[in-house]
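Encoded as structure tokens, the structure appears first; notes follow it.
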Amino acid sequence: MKKLLLSCLMLVSGYGAFAQASCAAATNITANGTFTSGAITGTYSNPCYGGTTNNAGAAIKARWWKYTPTANGEITVTSDLAANPIATTDTRVSILKGTCAALTCMDYNDDVDPAAATPNYKSTVTVPVASGTTYYIEWDNYWAATSFTFQFTFTATPCVRPGALDFYRPDSYTTNSASLYWNNAIGDPASYDIDWSTNFADLEGTGTIVNVPAGTTGTPLYTQGDLSGLPDNLNFRYFVRSNCGATQSAWQGPYFGYLAAVLPYANDFESPDNNYTDGFIGFSRLNSDATATPPIYGDGDAGYFMYTPNSTTAASDRWAYSRALSLTAGEVVTLGFKTRAYTATTASDLNLDVTVGTIQTSAGQTTVLDSFVESDDTQYTDRSVTYTAPADGIYYFGFHNNSAAGATQTYLFFDTLNISSVLSTNNFLASKLSVYPNPATNVINISSTINTTINKVEMTDLNGRVVMTQNVNATSGQIAIADLATGVYMMKISTDQGTAVKKIVKQ
């Protein structure tokens with residue numbers, strides 16, 4: 001839930017000593033029905049969310065139920081009921097399996113619709129389940145400990161949808177392709193359908209549907225679904241379903257992918273059309289609130305921003321990453337962003353390293369570009385970092401909160417990310433290069449209207465693989481493509497005035 005203020009995180013509160021439920025004492029559900037939670041005062045153990053303290057700074061508590069299906073199917077657990085007032089109900093639920101000493105997260109949900117005109121902070125989750133396996137339902141008091149009502153429904157189905165896909169982020173991004181991943185579904189269907197669309201509002205089953213065979217490797221077994229030929233640099237939503245031959249499961253999703261962007265690029269975390277974060281991951285998002293003490297402001301005293309806290313007991317190790325960015329060799333990149341400290345008392349120093357790498361993980365962030373120390377809790381500070389790309393490729397910029405343990409709980413606010421480069425003139429260069437015929441069968445001619453020298457031409461397929469390289473070293477040239485397979489290729493033209501990319505269709 002996002003409605004409570006960051007200042008609430010600095011409060012300390014407690015709950016009375018009531019009888020506590022636990023995973024080991026979970027209430028057994030034997031049939032579909034409606035249940036009342038009672039005050040949430042039991043023992044908490046949760047690999048879905050982790051953590052030990054709730055929004056008020058007190059120990060997280062929980063209440064437990066369990067269910068063992070007698071057939072494969074799906075369970076739905078929801079507090080989104082009329083009996084729970086929308087204005088006062090704020091729940092969080094997790095579905096787990098395994099033993100109480102070693103639980104595995106299946107799926108979880110905090111808010112049904114926090115962005116609605118009247119935010120809905122109730123919870124709903126649907127999870128595929130296997131016959132004979134015990135599943136645990138855990139409601140916790142992260143936001144509220146008051147009693148509420150929830151509904152449990154089991155539905156048997158011969159073709160079960162895949163489990164939650166948000167445990168795996170898409171990767172291998174290019175400007176028009178990505179790889180998706182999910183665990184194989186219960187019942188081991190032979191294949192899966194991916195439905196993708198660049199229109200987030202498109203309902204499941206109405207986009208472009210791609211069928212992929214089930215994966216046969218990994219523990220547990222997982223499937224990789226590769227998408228290619230997507231519109232350049234855009235965001236897309238996708239659903240996945242099991243394809244059992246004669247029948248198909250319900251769709252799982254939506255989930256979202258963010259193709260590699262070209263510069264210039266800007267992200268102020270304000271656009272619902274881009275899911276606000278626009279592929280930026282790792283820090284939490286919050287909205288400005290002038291009623292907090294002290295006030296919580298995004299840049300410009302309004303809107304959304306990202307934040308990351310320090311710790312008062314240990315050094316921080318919190319990462320965030322930009323979306324994928326497609327850079328060209330020699331491209332001189334400038335990152336601009338704003339930071340501010342936030343605390344109810346005296347701010348502790350917060351350290352932020354800016355890094356770069358080719359993977360959206362801490363292990364993939366191989367170079368530290370600059371470091372900043374933020375302690376100003378009165379206003380935002382403009383930051384700037386430069387970087388020269390050593391080679392053509394996909395890059396991610398990292399933001400590493402590695403602050404030392406602070407004397408006070410302090411938050412680093414991060415807003416208004418702008419990334420530009422001196423090679424933003426490449427669009428101009430591309431307009432001055434003629435490539436014809438296109439589509440082509442045997443040869444492609446290249447010429448320039450600005451007397452630039454064409455040094456080299458490189459052809460890549462939609463998976464980013466280089467399939468042909470030819471030196472030209474002239475103001476015009478002819479490229480033989482007869483040996484290439486029919487399809488779409490990206491032609492990178494390197495000149496003495498920069499690099500341009502053209503899309504080529506080989507017939």
Side-chain angles (χ1 to χ4, degrees), residues 2 113-116 164-182 193-210 212 224-241 251-285 287 303-306 320-327 333 335 337 358-361 393-399 414-421 424 427 462-464 488 490 501 503:
K2 310 300 181 291
D113 190 358
L165 275 64
D166 49 3
F167 295 109
Y168 300 98
R169 289 194 301 268
D171 65 14
S172 301
Y173 282 119
T174 71
T175 56
N176 58 13
S177 65
S179 294
L180 317 178
Y181 305 88
W182 58 90
D193 296 325
I194 304 170
D195 168 20
W196 68 265
S197 173
T198 55
N199 183 354
F200 284 6
D202 280 354
L203 298 178
E204 61 267 35
T206 64
T208 300
I209 297 178
V210 178
V212 297
Q224 174 179 329
D226 295 328
L227 297 179
S228 61
L230 282 67
D232 288 350
N233 317 123
L234 296 183
N235 301 339
F236 62 95
R237 70 99 183 102
Y238 65 97
F239 295 84
V240 176
R241 71 180 178 187
W251 291 99
Q252 183 72 286
Y255 301 96
F256 301 92
Y258 304 88
L259 297 175
V262 294
L263 302 185
Y265 170 77
N267 186 357
D268 59 6
F269 311 107
E270 303 294 337
S271 172
D273 292 338
N274 293 327
N275 288 330
Y276 296 100
T277 58
D278 198 31
F280 185 98
I281 64 168
F283 292 164
S284 300
R285 182 172 62 91
N287 199 6
Y304 290 92
F305 57 94
M306 310 304 292
Y321 310 95
S322 73
R323 72 180 294 161
L325 298 167
S326 178
L327 305 181
V333 179
L335 287 83
F337 56 93
T358 57
I359 304 175
Q360 203 178 33
T361 66
I394 304 301
Y395 294 83
Y396 299 87
F397 290 99
F399 304 91
F414 181 101
D415 206 354
T416 316
L417 176 63
N418 288 290
I419 309 177
S420 60
S421 78
S424 294
N427 289 336
L462 293 180
N463 292 317
V488 178
M490 306 306 293
V501 178
K503 183 181 290 186

Practice item. Tell me yes or no: between the side chains of Tyr265 and Asp278, is some donor less than 3.5 Å from an acceptor? Key: yes
**Study point:** Polar contact flag, side-chain donor to acceptor under 3.5 angstrom, Arg323-Asn235
**Key:** yes
My understanding is that only residues two or more places apart in sequence, or in another chain, count here; which of them pass ring-ring contact (aromatic ring centres under 6.0 Å, His included) with [X]?
X	answer
Tyr321	Trp319
Tyr173	none
Tyr168	none
Trp196	none

Exercise for review: Determine, using ring centers only, whether Phe399 and Phe283 are less than 6.0 Å apart.
Suggested key: no
Check your understanding: Side chains of Leu325 and Ile419: does their closest heavy-atom pair fall under 4.5 Å?
Key -> yes
Point to revise | Phe269 and Asp415, any side-chain heavy atoms less than 4.5 Å apart | key: yes
Exercise for review: Report the C-alpha distance between Phe280 and Phe414 in whole Å, list the side-chain angles of each, state the deciding distance to 0.1 Å, and finish with yes or no for ring pair (Phe, Tyr, Trp, His ring centres under 6.0 Å).
Suggested key: CA-CA 11 Å; Phe280 185 98; Phe414 181 101; 5.5 Å; yes
Exercise for review: Start with the C-alpha distance between Asn275 and Phe200, add both sets of side-chain angles, then the distance that settles side chain to side chain contact (heavy atoms under 4.5 Å, CB included), and finish with yes or no.
Suggested key: CA-CA 9 Å; Asn275 288 330; Phe200 284 6; 3.5 Å; yes
Between [X] (side chain only) and [Y] (backbone N and O only), is there a donor and an acceptor less than 3.5 Å apart?
X	Y	result
Arg169	Leu180	no
Asn199	Ala201	yes
Asn233	Ala260	yes
Tyr255	Leu165	yes
Asn418	Leu335	no
Ser322	Phe397	yes

Check your understanding: Run the side chain to side chain contact (heavy atoms under 4.5 Å, CB included) check on Leu263 and Leu327 step by step: do they pass?
Key -> CA-CA 8 Å; Leu263 302 185; Leu327 305 181; 3.7 Å; yes
Check your understanding: Which residues satisfy the salt bridge (charged side-chain N to carboxylate O under 4.0 Å, His left out) test with Asp195, sequence neighbours excluded?
Key -> Arg237
Any idea which heavy atoms bring [X] and [Y] closest together, and the distance?
X	Y	result
Gln252	Ala164	NE2-N, 3.7 Å
Ser172	Tyr181	OG-OH, 4.2 Å
Ser177	Leu259	O-CD2, 3.5 Å

Roughly how far, to the nearest 0.5 Å, is the [atom2] atom of [Y] from the [atom1] atom of [X]?
X	Y	atom1	atom2	value
Asn267	Leu417	CG	CG	6.0 Å
Leu234	Asn274	CG	CG	9.5 Å
Thr174	Leu227	OG1	CG	10.5 Å

**Study point:** Chi angles and distances behind the ring pair (Phe, Tyr, Trp, His ring centres under 6.0 Å) call for Phe236, Phe256
**Key:** CA-CA 6 Å; Phe236 62 95; Phe256 301 92; 8.9 Å; no
Exercise for review: Verify side chain to side chain contact (heavy atoms under 4.5 Å, CB included) between Ile194 and Phe239, making sure each step is shown before the conclusion.
Suggested key: CA-CA 6 Å; Ile194 304 170; Phe239 295 84; over 6 Å; no
Study note, to complete from the structure: In short, salt bridge (Lys or Arg N to Asp or Glu O under 4.0 Å) pairs touching residues 262-276 with sequence neighbours left out are none
**Study point:** Ring geometry between Tyr304 and Tyr276 (parallel below 30°, tilted from 30 to 60°, perpendicular above 60°)
**Key:** tilted
Check your understanding: Taking it one step at a time, do Asp171 and Gln360 satisfy side chain to side chain contact (heavy atoms under 4.5 Å, CB included)?
Key -> CA-CA 8 Å; Asp171 65 14; Gln360 203 178 33; over 6 Å; no
